[in-house]
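In what follows, a structure is listed as C-alpha cells, so that the remarks can point back to it.
Source: prediction; values computed, not measured. Reminder, nothing fancy here: chain letters follow the sequence lines and each chain counts from 1.
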Protein chains: 2
Amino acid sequence: MFLRITRNNTSHLSTLGDFGISSQSDAAVNLNEITYKKGTEIYGEKEPAEYVYQVKKGAVRTYKLLSDGRRQIGAFHLVGDIFGLVDASTHRFTAEAIVKTTLRLIKRRTLDTVADTDTVVTRELLSMAMLNLKHVEDHMLLLGRKDSVERVAAFLVEMDEREASQVMALPMTRRDIADYLGLSLETVSRALSRMRHAGLLNFVGSTQREIVILDRMRLRAVDFK
Amino acid sequence: MFLRITRNNTSHLSTLGDFGISSQSDAAVNLNEITYKKGTEIYGEKEPAEYVYQVKKGAVRTYKLLSDGRRQIGAFHLVGDIFGLVDASTHRFTAEAIVKTTLRLIKRRTLDTVADTDTVVTRELLSMAMLNLKHVEDHMLLLGRKDSVERVAAFLVEMDEREASQVMALPMTRRDIADYLGLSLETVSRALSRMRHAGLLNFVGSTQREIVILDRMRLRAVDFK
DNA sequence: CGTTTAATTGAAAATGCTCAACTCGGGTGG
DNA sequence: CCACCCGAGTTGAGCATTTTCAATTAAACG
C-alpha cells in the first residue's frame, strides 16, 4: 500500500493527530502495520531509527533511563499521535507499548528521500518537530517548578483534552504517571486522593484508571496556578 | 548587509554555533545588530516572533514564568548560539540579556520566504529544531529524576564543554543556575561548596563565578550516574 | 566609600520519598 | 469453580532532601 503524507492547510498544526495521511500519491511512502503486546519494546534508546510510527490503536510511552533505573517518561503517545521522529539516525528514547498497540510504520529513509525533493514534506517535519518541542518545553516548567498537586492536575488536564468521552480511561499505571511527572507513585496516588476528596474528580467502574472530571474549572485553576 | 545562511557539510550538527553565516549570496537575508544592556528583555513570552537571533557577544537566558513568580530557565545562549526560533508566530519564552549582549538579528519573515523556495534552508531549520529538542529532552531527565548534586554537575559539564579556556567565567548568577536546574539558589551554592571541598573544582579570581574544574573524570562520573 | 546585590552558611520547616501494611480485582491452575 | 496469587493501588509513619528564613560576609557599582 502506498500513501502520501499531506500538508494541512493551516500553517501550523494543533495536534500531531492532525497530520492527514491520504492516498493522493506522487511522493510515495511505503506503509506497514505492526501490533505489539502490552509491555513490549518498540525501539530502544540509541538504536538506529529506521521508522517513524503512528499509533493506530493502544498507547505508547517513550522514556530515558539512568544507570540505576530511575526513569523519565518524555511523552505518552495515544491514538493518532506520530512519534519516533528524529533528525539523527539514532533514537533518543526507548519506546514501549503500554497496552496492546497497533502501529503504522513509515520507513524513515523513504521519508528522507521524499523530503529531499519535496519542500512541503520537509516543512511538515519541521512543524512536527516544533510541536514536539512545545510539549517538552511546557513539561520542563512542570518538572522544574510545579508541586505534586499541580503536576497531577496538569497531567489530568492534558489527558482530558485528548479524550472525547466524559470518562477518561487511562491506559498507564500510577508508576507511569509518576515517571512522567517526576514523582513517586505514592505521591501521585495521594494527589489523586486529595483531588477526589476535594470533589474535583471521581473514579468510576471497577478500576481506578477510569476517571471522571467533576470540576474542570477548579482543576484548570490548579494547573495554571 | 546581505548574508546567506549556509549548510554545514555534516548531516547533523554538533552545536548551534556550527551554523555558518557567509556572504555567498543568492538567497538573501537582511541582517542587523543590536546591543542590549544587562538585564533587559529581548522579547517576551507570547509576543509575535519577528526575528531570529544569534549571540555575537554576551549571554542570554530564555525562561517561562508561573503567575506567582516561579521561573524555569529553558536555556542559556552563549556566543555563537542561535535562538528565538519558533514555527508559530509567537514566542514561547521570554529572552533576557544576562550581561551586556550584542545580537545579530535575522528577520523571521525573510527567513520564511527563503525557506519557501530553498529546501536547504528549510532542512537547516529542521536540523536546528531537532538539536534544540535534544537539549530540552535531556534537560527533562535532569529536572525529573536527578538530585541536586547531579544537576549542578551536569550544569558544570555542559558549560565546560562550551568553554575553550581552563577557567570558566560564568555570566549567570546562582539564582539563574537554580532556575535552570529547578533548585533553590541556596541548594546550588551548597552543591558547589561540597564539590569544592571534595576537590572537584575551585574558585579563582575575586568572584565566585570563575570556576576551574580540577577533576573532570569525577565530575562526569557524577553527571552520568 | 557607601550602598546594594550576590553568595555562603546554619537552623528550622516543608515537601516528597521510602518502607510497609493492607485492599482489591483479575487471572491461573488445582 | 474456587482458592490463591500477583500486580496495582491506597494509605500511614518515619525519613531524607530540599526549601525557606535568617544572619553574615563578600563583591560590584555608582
ask   = Are B/Tyr63 and B/Phe93 near enough that their ring centres are under 6.0 Å apart?
value = no

ask   = Can you list every pair that meets side chain to side chain donor-acceptor pair (under 3.5 Å) and has a residue in residues 193-207 of chain B, with sequence neighbours left out?
value = B/Thr207-B/Glu210

message = Please report the distance, rounded to the nearest Å, between CG in B/Leu201 and P in C/dT8.
response = 11 Å

request  = Figure out the CZ/C1' separation between A/Arg70 and C/dT18, and round it to whole Å.
outcome  = 15 Å

ask   = What string of B, S and - do you get for nucleotides 20-30 of chain D, 5' to 3', if B is base contact, S is sugar-phosphate-only contact and - is no contact with any protein heavy atom under 4.0 Å?
value = BB-----SS--

Ion pair A/Arg108/A/Glu50, N-O distance below 4.0 Å = no

query = Quick one: B/Leu185 CG to C/dT5 P, roughly how many Å, whole number?
reply = 15 Å

ask   = CG of A/Leu183 versus P of C/dT18: gap in Å, rounded?
value = 11 Å

ask   = So does B/Glu96 pair up with B/Lys38, basic N to acidic O under 4.0 Å?
value = no

A/Asp176 CG - D/dG9 P separation (whole Å) = 9 Å

request  = Using a strict cut-off of less than 4.0 Å between a Lys/Arg side-chain nitrogen and an Asp/Glu carboxylate oxygen, indicate whether A/Asp223 and A/Lys146 qualify as a salt bridge.
outcome  = yes

message = For a salt bridge (Lys or Arg N to Asp or Glu O under 4.0 Å) check, start with the C-alpha distance between A/Arg61 and A/Asp179, then their side-chain angles and the critical distance, and finish with the verdict.
response = CA-CA 10 Å; A/Arg61 59 181 166 243; A/Asp179 286 347; over 6 Å; no

request  = Would you kindly give the CZ-to-P distance between B/Phe203 and C/dA6, to the nearest whole Å?
outcome  = 16 Å

message = Set out, in order, the CA-CA distance, both residues' side-chain angles and the distance that settles side chain to side chain donor-acceptor pair (under 3.5 Å) for A/Thr102 and A/Thr35, then state yes or no.
response = CA-CA 4 Å; A/Thr102 304; A/Thr35 299; 3.0 Å; yes

note = note: B/Arg194, atom CZ; D/dT17, atom P; distance rounded to Å ~ 9 Å

key: Interface residues of residues 137-153 of chain B with DNA chain C (non-hydrogen, below 4.0 angstrom)   = none

Of B/Arg104, B/His77, B/Glu33, the residue whose pairing with B/Gln54 passes side-chain hydrogen bond (donor to acceptor under 3.5 Å, both in side chains) = B/Arg104

message = Can you tell me how the ring of B/Tyr53 sits relative to the ring of B/Phe83, calling it parallel under 30°, perpendicular over 60° and tilted otherwise?
response = parallel

request  = Report yes if at least one side-chain N or O of A/Arg209 is closer than 4.0 Å to OP1 or OP2 of D/dG9; otherwise report no.
outcome  = yes

message = From C-beta outward on A/Ser189, which listed nucleotide comes closest to its side chain: C/dA6, C/dT8, D/dG9?
response = D/dG9

task = Specify the separation, in whole Å, of atom CD1 of A/Ile98 and atom C1' of D/dA8.
result = 15 Å

